[in-house]
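Numbers here are sequence positions counted from 1.
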Amino acid sequence: MSGLLDVAKKAYLTARRRSKPALTQTVQVHTMSVTAVVFFKDGRRIVTSSVDKTLRIWDVEKRAFVGGPFEGHNDFVLSVAVSPDDRRIASGGGNGAIIIWDVEKEQILFKLVKHTGQVSSVCFSPDGKRLASGSWDGVVIIWDAETGAILSTLESWDQVWCVAFSPDGLKLASGGAQGAIRVWRTDNTELLLEINAHYDRDRLKSVVWSPDGQQLVSVASHNDKTIRFWDSLNGTQIGQPCTGHTSHITSLTISSDGLFIATTSFDKTVRLWSTQSHQQIGQALEHTTRVSCVAISSSGELLASGDSCGNVHLWSIENALSAALGTNFSYLAHRSQAKLRQRLYAEALADAEKVRTISIVVSIVVMMFVGH
């Protein structure tokens, strides 16, 4: 009996080690704190912004910088976004200026100057034709991303910390210094919804949409160390908040399949959370200094985190997700599609076969119950 217990214990510890996210790369990309990190849609590159007034592009596969630093801001850079076609970058600066960059030519296409406070957030619409920006001047602006013309201006009444287009591009969510989420129509600037999302009027640092547009997820940066989920139609809270961080939460991102989110904190960790159970997935990703930003690749296999010392860390999270979501139909289907795009045909087929097996088992169970 003791032999069997030893074997079981060894198998458990092996599975536990394999489910832990693995740090694959650490690179110093900036001389000062990294303020934002974003994956390109191709999953091979990331772009970062920094207090050192520059942007950098890092090739994850080649482990090398792509060109030199993007220089053009005369103040710290707080936010960055990549267009859906991977051809342009938008960055927001501390002096209120926004720059649209040509990725291939590494050149400035044009500057957008209207905000009177620092631009804390920028994001492209799903079709890439519009750009939204949020600023400490209390204003959200929607721009024509191709001409730089202002399409609409939304008054938020407090400092704006984050903006996010809905997946269909018909709505825009913003988060402010008083802890509220506001949802606007993008065609006529009508305020559709206001959610008092976090306690103590704590400033709302990040807000994201679920891929189906039915939920909003938010984090506040100071006293309220929680992640909360909201119905995007009526503003009611969904389930219990995610809890676990012990210091200020600094950023939030959601996977392209919507099954998990990642958050960063001054507690020197990145944590993964299930959007279904609201429980933490696996172990926290430990850092040696404060973590300021996070991004997830489109395949959901890699995570990038930026810290206050100018470093970016690349993590393989596939094993941790497989351990937590390995029998989830949606997760396996999404991973199979991602492997197919990477031309990893054998792995794609293996995941597709798992999906087929789960479907068969579910069908048999349903038939058994119906038969009774």
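Across Gln159, Glu155, Lys114, a single residue satisfies side-chain contact (heavy atoms from CB on, under 4.5 Å) together with Val139, and that is Glu155. Tested against Phe40 for a side-chain contact (heavy atoms from CB on, under 4.5 Å), the candidates Val60, Val47, Ile46, Asp59 yield a single pass: Val47.
In this structure the side chain of Trp315 never reaches within 4.5 angstrom of the side chain of Leu302, judged on heavy atoms.
Between Thr153 atom OG1 and Ile142 atom CD1 the span is 9.0 Å, to the nearest 0.5 Å. Within the model, atoms CH2 of Trp161 and CD of Gln118 stand 6.5 Å from one another, a figure rounded to the nearest 0.5 Å. From Ile227, atom CD1 reaches atom NE2 of His278 across 10.0 Å, with rounding to the nearest 0.5 Å. With rounding to the nearest 0.5 angstrom, the CD1 atom of Ile195 is 5.5 Å from the CG atom of Leu216. Taken to the nearest 0.5 Å, the CG atom of Asp224 stands 7.5 Å off from the CD1 atom of Ile249. Rounding to the nearest 0.5 Å gives a distance of 9.0 Å between CD1 of Ile141 and OG of Ser152.
Among all heavy-atom pairs drawn from Ile254 and Ile296, the shortest one is C-CD1, 4.1 Å. Across all their heavy atoms, Pro84 and Ser125 have their closest contact at CG-O, 3.6 Å. Nearest heavy atom pair, residue Lys268 against residue Arg290, reads CG-N, 4.0 Å. Nearest heavy-atom pair, Ala262 versus Val270, reported as atom, atom and distance to 0.1 Å: CB-CG1, 4.4 Å. When all heavy atoms of Leu112 and Gly148 are compared, the pair lying nearest together is CD2-CA, 3.5 Å. The two residues Leu131 and Phe165 have their closest heavy-atom pair at C-CE1, 4.3 Å.
Taking the ring axis of Phe70 as reference, the NZ or CZ atom of Arg56 does not stay both within 45° of it and closer than 6.0 Å to the ring centre.
Side-chain atoms of Ser232 come within 3.5 Å of backbone atoms of Gly213 as a donor-acceptor pair (strictly under, hydrogens ignored). Remark: the backbone N or O of Val82 is not paired with any side-chain donor or acceptor of Arg87 at under 3.5 angstrom. Judged by distance alone, with hydrogens and angles left aside, the side-chain atoms of Lys205 form a donor-acceptor pair with the main-chain N or O of Thr250 at under 3.5 Å. Distance alone, capped at 3.5 Å, is enough to place a donor-acceptor pair between the Thr275 side chain and the Gly258 backbone. With hydrogens and angles disregarded, a donor-acceptor distance shorter than 3.5 Å links the side chain of Ser120 to the backbone of Val160. The main-chain N or O of Gly282 is found under 3.5 Å from a side-chain atom of Gln280 such that the two form a donor-acceptor pair. Between the side chain of Arg88 and the main chain of Gly128, a donor-acceptor pair closer than 3.5 Å is present. A donor-acceptor pair under 3.5 Å is formed between the side chain of Thr35 and the backbone N or O of Ser49. At distances below 3.5 Å, at least one donor-acceptor pair connects side-chain atoms of Thr186 with backbone N or O atoms of Leu170.
Note: His287 and His313 have perpendicular aromatic rings, judged against thresholds of 30 and 60 degrees for the angle between ring planes. In this structure, His73 and Trp101 have tilted ring planes: the angle between them lies in the 30° to 60° band.
A salt bridge does not link Arg44 with Asp86: every distance from a Lys NZ or Arg NE/NH1/NH2 to an Asp or Glu carboxylate oxygen is 4.0 Å or more.
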